[in-house]
2 protein chains.
Amino acid sequence: MRGSPWRASRERARDRQVKREAVIRAAAHAFNRKGYHNTSLDDIAATLKVSKPTVYYYVSNKEQLLFECFVAGIEPIRAAFRKARRLKASARERLQAVLGHYGQAVASEFGWCMVRAEDQDLSPAMSAHIKSLKSEIDQGIRRLLREGVQDGSIHPCDPKMTAFALAGALNWIAHWYRENQSMTGAQIAAAFITVFENGLIPRESAETGHRPEGRLAARIAR
Amino acid sequence: MRGSPWRASRERARDRQVKREAVIRAAAHAFNRKGYHNTSLDDIAATLKVSKPTVYYYVSNKEQLLFECFVAGIEPIRAAFRKARRLKASARERLQAVLGHYGQAVASEFGWCMVRAEDQDLSPAMSAHIKSLKSEIDQGIRRLLREGVQDGSIHPCDPKMTAFALAGALNWIAHWYRENQSMTGAQIAAAFITVFENGLIPRESAETGHRPEGRLAARIAR
DNA sequence: CATGCATCATACTCACCGGTAGCTATCCTA
DNA sequence: TAGGATAGCTACCGGTGAGTATGATGCATG
């Protein structure tokens, strides 16, 4: 009588968790493709080959579904900050690491939900919760920028506006990136970081990662 | 029988146009505040103190309302490109001019609609139309980037990725900017351009517009 | 004054969708 | 093997919102 029943109970609980996550992922997929408002819970249920009440057995309502997708999307970014904090490197390098994970998160299956979860579609409580998570990320970027300006690894800038620009560019990935693209999320993030770091104004220092067609063509031509 | 009746007719037509534009603006305002799906045509009608059929008297359906808002938002950007083309300056300066207007457009009352009009909410025809307008803008930015790399006014870069980064950062303004902010659209655009142009990596060349607290504090302290 | 067009309201239809009530089947536990 | 928890279903409710049928009003034209 001891061990066996408890083990079964734990198995059930784990099973439930797995199914619940399947529901979340199915929702994320549907939101991705058709948008939140154009996705009905019947749609989500159908892709899982269950009925709508079954979906409600795992989540309490549609709003919570969106919230869970949001959290699943943003959690890797928070993890990236924690990891970067333990890094012994210049602030710019730490920022680089964070932005790399940020870009990958936005390009992930939960990217759309994370980026586009809208205030207007959420109850005040959920909205506040999400806003605080977003603010945490924003403040983290600003902090790294300030530290970078301080330690000399980042060009003097307005941390607030710069953070907006960085986050905006990365968030926007969710609008144009779809699977089966030629680039992975990591590659996109790397390309963006190169753009941000160099800036548009030419630099004297030669090699900066990207080799433009112009020079390549010139080298081939000669 | 000549002149007077025709003039009256023209007056009526102009009157209708004015009212039609009022409907579009009211829609843009509502979409801005509550989002497309959370805005009913009754809402829009109510703010104009008319009934729903009156709205339908001026536009054929809700989708068209969104489309008109989109066009109203994107037109200034197209105009900026036309103006920039006539400019005799380096590609970077022309790009600067375009991005300035771009940012202002996104921060305008139609910015939300322009940026967030979603494929999934539109008929295939409308979606294709909007996509082509967006693509025109994207191609215009890429072209300016290529020209800038060519004429040496822009640091060598991947035009496609750089255009995505620039447009993304500016588009994202629509997500966080609301009226009654401390900055105008033009000021935000200027701040962003400074970020893009300088890049994160420090430069030798001293003055770059922004004077960070760090150095200022240091200078005051000594 | 009669005709016709422009403008707008009342009051409806119809479809969709979030959420629930209540039933059934299965399987673990005692 | 009885009792209860787990997991799922069918069938429904209630609300909402896009779009419309119909008609009233008013104004310019003839």
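Chain letters run A, B, ... following the sequence lines, proteins first, then strands; residues in each count from 1. Both backbone and side-chain heavy atoms feed into the values below; hydrogens, waters and symmetry mates do not.
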**OP:** Give every residue pair that meets the salt bridge (Lys or Arg N to Asp or Glu O under 4.0 Å) criterion with at least one member in residues 167-177 of chain B, sequence neighbours excluded.
**Re:** none
If you look only at distance, which donor and acceptor atoms sit under 3.5 Å apart when one is on a side chain in residues 96-104 of chain A and the other is two or more places apart or in another chain?
unit_1, atom_1, unit_2, atom_2, d
A:Gln96, NE2, A:Glu197, OE1, 3.4
A:His101, ND1, A:Ala97, O, 3.0
A:Tyr102, OH, A:Asn171, OD1, 2.8

Original post:
What does nucleotides 8-22 of chain C look like as a protein-contact string, B for base, S for sugar-phosphate only, - for none, at under 4.0 angstrom between heavy atoms?
Top reply: SBB------SBBBB-
Show the atom names and distances, to 0.1 Å, of all donor-acceptor pairs under 3.5 Å that link a side chain in residues 20-30 of chain A to residues at least two apart or in another chain.
unit_1, atom_1, unit_2, atom_2, d
A:Arg20, NH1, A:Tyr58, O, 2.7
A:Arg20, NH2, A:Glu68, OE2, 2.5
A:Glu21, OE2, A:Gln17, NE2, 3.3

Original post:
OP1 or OP2 of D:dA7 less than 4.0 angstrom from a side-chain nitrogen or oxygen of A:Arg16, does that happen here?
Top reply: yes
Subject >> Pairs meeting criterion salt bridge (Lys or Arg N to Asp or Glu O under 4.0 Å) with involvement of residues 46-57 of chain A, two or more places apart >> reply: A:Asp42-A:Lys52
**OP:** May I have the distance from A:Arg14 (atom CZ) to D:dT6 (atom C1'), rounded to whole angstrom?
**Re:** 17 Å
In a table with atom names and distances, give each donor-acceptor pair under 3.5 Å that connects a side chain of residues 137-144 of chain B to protein atoms at least two apart or in another chain.
unit_1, atom_1, unit_2, atom_2, d
B:Asp138, OD2, B:Arg142, NE, 3.1
B:Asp138, OD2, B:Arg142, NH2, 2.8
B:Arg143, NE, B:Glu147, OE2, 3.2

**OP:** Grab the NZ-C1' distance between B:Lys34 and D:dG17 for me, whole Å please.
**Re:** 12 Å
